[in-house]
Each structure stands twice: as structure tokens, then as C-alpha cells.
Amino acid sequence: MLDVTSAVQQFVDETGVKDGVVIIYVPHTTAAVTINENADPDVVHDLLKQLDTMVPWKQPFYRHGEGNSAAHLKASMIGSSVTVLIDGGKLSLGTWQGIWFCEFDGPRTRAIHLAAR
């Protein structure tokens with residue numbers, strides 16, 4: 001998981017949007033984006049460990065030929081986009097919140113699409 005909060009804030013700064021929304025979208029089927037705590041690294045550790053417990057990398061019933069069914073499942077569970085309010089030019093996140101890019105089948109070259117209005 002990669003904290004992309006500052007990159008999203010930089011994008012908002014560059015757009016000049018003062019009040020509105022920013023949409024963060026990940027156009028990949030084995031990656032995701034979420035909002036969660038960014039103060040304590042144990043939260044990321046615990047989240048990833050629990051996802052691995054719920055969705056192990058190998059299962060005898062997986063049929064997808066690439067062998068990355070778990071990555072597809074995790075990406076679907078977490079989601080491909082989040083929307084954050086912009087207030088006074090700043091991301092309207094809670095005190096401990098951050099925006100996280102989640103890579104479930106990498107490393108790979110990835111993109112994050114951003115739109116602010």
C-alpha cells in the first residue's frame with residue numbers, strides 16, 4: 001500500500017479548485033484505492049494480513065489462467081475509486097485519514113487518474 005495523499009493534494013493545488021470534489025480512480029483490475037488511517041503503519045500491516053487471511057493467494061477452486069485471482073478479488077473488495085471533498089483548497093480528510101493506493105499483483109507500472117471540480 002502506498003500513501004498517495006500528498007500527491008492528490010498537490011494535484012488539487014495545481015487545479016486551483018477551492019471547494020468541490022476530487023475523484024481518485026485506479027484503472028486496473030488487480031489494484032485499488034481506499035481511505036484509511038495513515039498515522040500508524042500497523043493499520044496497513046493489519047489490513048493486508050487480514051485480506052491475505054480472507055483471500056489467500058492460492059485456492060484449489062481458482063480458475064483464472066493468470067494465477068492472480070486473489071488480486072482480482074481483493075481489488076474488487078476494496079474498490080477502484082474514492083471521492084474526497086475539497087474545502088478551502090484542502091482535502092477534507094479526517095485527522096488520521098490518508099488516501100492509499102493498493103497494489104495486489106505487482107510490482108507493475110500503474111496509473112492513478114484524478115479529476116477535481
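Quick caveat, the model's predicted, so the values are computed rather than measured.
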**Request:** Any chance you could pull the hydrophobic cluster mates of Val21, using side-chain heavy atoms under 4.5 angstrom and chaining through other members?
**Result:** Leu85

**Message:** Who clusters with Ile23? Use side-chain heavy atoms, under 4.5 angstrom, across I, L, V, M, F, W and Y, and order the result by chain and number.
**Reply:** none

**Request:** Sequence neighbours left out, what passes salt bridge (Lys or Arg N to Asp or Glu O under 4.0 Å) with Arg108? Give chain and number order.
**Result:** Asp105

**Contacts of type salt bridge (Lys or Arg N to Asp or Glu O under 4.0 Å), residue Glu37, not counting sequence neighbours** = none

Measure the [atom1]-[atom2] distance between [X] and [Y] for me, rounded to the nearest 0.5 Å.
X	Y	atom1	atom2	result
Ile78	Leu47	CD1	CG	5.5 Å
Ile99	Ser6	CD1	OG	9.5 Å
Leu91	Ile35	CG	CD1	9.0 Å

To check you understand the geometry: which heavy-atom pair defines the closest contact between [X] and [Y], and what is its length?
X	Y	answer
Ala32	Gly79	CB-O, 3.1 Å
Ala31	Val26	CB-CG1, 3.8 Å
Ala111	Pro27	O-CD, 3.3 Å
Ala116	Ile86	CB-CD1, 4.1 Å

**Request:** Any pair with a residue in residues 61-71 that passes salt bridge (Lys or Arg N to Asp or Glu O under 4.0 Å), sequence neighbours left out, goes on the list, sorted by first then second residue, please.
**Result:** none

**Request:** Take Ile112 and Val33 through the test side-chain contact (heavy atoms from CB on, under 4.5 Å) and record every step on the way to the result.
**Result:** CA-CA 9 Å; Ile112 297 175; Val33 63; over 6 Å; no

**Message:** Please list all pairs meeting ring pair (Phe, Tyr, Trp, His ring centres under 6.0 Å) that have one or both residues in residues 14-67, counting only residues at least two apart or in different chains.
**Reply:** His64-His72

**Asked** Is the shortest heavy-atom distance from the side chain of Arg117 to the side chain of Val17 under 4.5 Å?
**Response** no

**Request:** Would you mind reporting whether Asn38 and Asn36 have side-chain heavy atoms less than 4.5 Å apart?
**Result:** no

Listed partners of [X] passing side-chain hydrogen bond (donor to acceptor under 3.5 Å, both in side chains), at least two apart:
X	answer
Asp52	Lys74
Thr30	Arg110
Thr5	Asp3

**Request:** Could you note down all residue pairs passing side chain to side chain donor-acceptor pair (under 3.5 Å) where residues 11-23 supplies at least one of them, sequence neighbours left out?
**Result:** Gln9-Asp13, Gln10-Glu14

**Residue pairs, two or more places apart or on separate chains, that pass side chain to side chain donor-acceptor pair (under 3.5 Å) and touch residues 82-100** = none

**Request:** Using the test side chain to side chain contact (heavy atoms under 4.5 Å, CB included), find all partners of Leu48 that sit at least two apart in sequence or belong to another chain.
**Result:** Met1, Val44, Phe104

**Asked** When you look at Val8 and Val84, which way does the side-chain contact (heavy atoms from CB on, under 4.5 Å) test go after all the steps?
**Response** CA-CA 10 Å; Val8 175; Val84 179; over 6 Å; no

**Item:** Intermediate values then yes/no, side-chain contact (heavy atoms from CB on, under 4.5 Å), Ile24 and Ser81
**Value:** CA-CA 5 Å; Ile24 302 97; Ser81 68; over 6 Å; no

